[in-house]
Amino acid sequence: MAASNTMCPERLVLEHVTSRWGTLALIALLDRPYRFSELRREIGGVSEKMLAQTLRTLERDGLVHRDAKPVIPPRVDYSLTDLGREAAEQVRGLARWTERRMAAVEQARAAYDATQA
């Protein structure tokens with residue numbers, strides 16, 4: 001990935017995968033497919049507009065599959081593609097690392113803050 005090129009394709013995909021809502025959507029979808037409203041509840045705190053935009057972006061990147069069924073009322077399910085599953089596993093690994101190492105991060109923050117006072 002070229003560090004000097006801010007618009008390189010890899011950087012854009014990385015931004016999509018590691019965005020606040022992208023990360024949470026990918027991790028949630030590792031468990032099972034979700035309908036939009038279920039996914040929104042599972043993630044928590046995300047607006048409809050932001051989740052729709054995130055899912056659209058991840059779908060465009062080939063990470064999420066949108067399955068719209070022609071029924072009334074409309075039913076749309078979201079699931080991971082094989083590529084999305086790969087990305088989600090990586091992101092979940094980082095999330096688990098964060099959980100395991102949070103105490104060390106908090107310690108580092110406290111030490112830093114003490115030197116800034």
Side-chain angles (χ1 to χ4, degrees):
M1 181 166 28
S4 62
N5 185 354
T6 59
M7 294 307 292
C8 69
E10 295 90 354
R11 182 174 286 190
L12 289 174
V13 173
L14 186 61
E15 286 178 17
H16 300 160
V17 169
T18 60
S19 71
R20 178 180 185 183
W21 305 120
T23 297
L24 295 174
L26 289 169
I27 291 171
L29 288 168
L30 269 171
D31 293 334
R32 64 178 179 87
Y34 279 92
R35 292 179 75 175
F36 184 87
S37 57
E38 291 176 319
L39 185 58
R40 186 167 176 231
R41 278 191 302 275
E42 178 67 21
I43 292 173
V46 62
S47 69
E48 271 188 45
K49 179 181 177 183
M50 197 67 233
L51 182 57
Q53 181 181 328
T54 299
L55 290 170
R56 205 173 309 114
T57 299
L58 295 174
E59 182 182 7
R60 182 171 183 259
D61 288 342
L63 306 177
V64 168
H65 174 71
R66 181 181 184 272
D67 183 20
K69 305 224 183 334
V71 295
I72 297 175
R75 180 183 173 108
V76 180
D77 293 307
Y78 293 91
S79 60
L80 293 175
T81 63
D82 289 342
L83 191 61
R85 184 160 294 285
E86 271 184 68
E89 291 287 353
Q90 298 299 317
V91 174
R92 183 169 63 182
L94 181 58
R96 286 180 173 164
W97 174 86
T98 304
E99 289 170 6
R100 284 192 315 272
R101 302 300 288 158
M102 196 60 215
V105 170
E106 288 173 344
Q107 217 173 18
R109 286 177 178 172
Y112 176 87
D113 291 347
T115 66
Q116 302 302 307

Considering all heavy atoms, the nearest Pro74-Arg35 contact = O-NH2, 3.8 Å
inquiry  = Would you compute the distance between atom CZ of Arg109 and atom CE of Met102 and round it to the nearest 0.5 angstrom?
reply    = 4.0 Å
inquiry  = Check Arg66 with Asp77, please: is the shortest side-chain N to carboxylate O separation under 4.0 Å?
reply    = no
query = Does atom CZ of Arg20 have more than 12 heavy-atom neighbours, drawn from other residues, nucleotides or ligands, at distances under 6.0 Å?
reply = no
inquiry  = Once rounded to the nearest 0.5 Å, what's the spacing between atom CZ of Arg60 and atom CG of Leu55?
reply    = 15.0 Å
remark   = Rounded to the nearest 0.5 Å, the CG atom of Leu63 sits from the CG atom of Leu80 at a distance of 8.0 Å
request  = Report yes or no: does Thr81 contribute a side-chain atom to a donor-acceptor pair with the main-chain N or O of Gly62 at less than 3.5 Å?
outcome  = yes
query = When rounded to the nearest 0.5 angstrom, what distance separates OG in Ser79 from CG in Leu30?
reply = 11.5 Å
request  = State whether Phe36 and Arg40 meet the cation-pi test: NZ (Lys) or CZ (Arg) under 6.0 Å from the six-membered ring centroid, and within 45° of the perpendicular axis.
outcome  = no
message = Are more than 12 heavy atoms, taken from residues, nucleotides or ligands other than Lys49, located less than 6.0 Å from that residue's NZ atom?
response = no
note = Here the gap from Glu59 atom CD to Thr54 atom OG1, rounded to the nearest 0.5 Å, amounts to 12.5 Å
note = Smallest heavy-atom separation, Ala25 atom then Leu58 atom, equals CB-CD1, 4.4 Å
message = Hydrophobic clusters here meaning ILVMFWY residues chained together by side-chain heavy-atom distances under 4.5 Å, can you tell me if Val76 and Leu51 are in one?
response = yes
inquiry  = Tell me the closest heavy-atom pair linking Asp61 and Leu83, and the distance in Å.
reply    = O-CD2, 4.0 Å
message = Val46 vs Leu24, test: side chain to side chain contact (heavy atoms under 4.5 Å, CB included). Steps then yes/no.
response = CA-CA 10 Å; Val46 62; Leu24 295 174; over 6 Å; no
message = Would you say CG of Asp82 has more than 12 non-hydrogen atoms from neighbouring residues, nucleotides or ligands within 6.0 angstrom?
response = no
request  = Looking only at non-hydrogen atoms, find the nearest pair between Leu26 and Ala88 and report the distance.
outcome  = O-CB, 3.6 Å
key: Gap between atom CD1 of Ile43 and atom CD of Glu38 - 0.5 Å precision   = 12.0 Å
query = If you measure from the Lys or Arg side-chain nitrogens to the Asp or Glu carboxylate oxygens, is any gap between Glu89 and Arg92 under 4.0 Å?
reply = yes
message = Run Glu42 and Tyr34 through side chain to side chain contact (heavy atoms under 4.5 Å, CB included) and show every step you take.
response = CA-CA 9 Å; Glu42 178 67 21; Tyr34 279 92; 3.5 Å; yes
query = Is there a side-chain contact between Glu15 and Val17 (heavy atoms, below 4.5 Å)?
reply = no
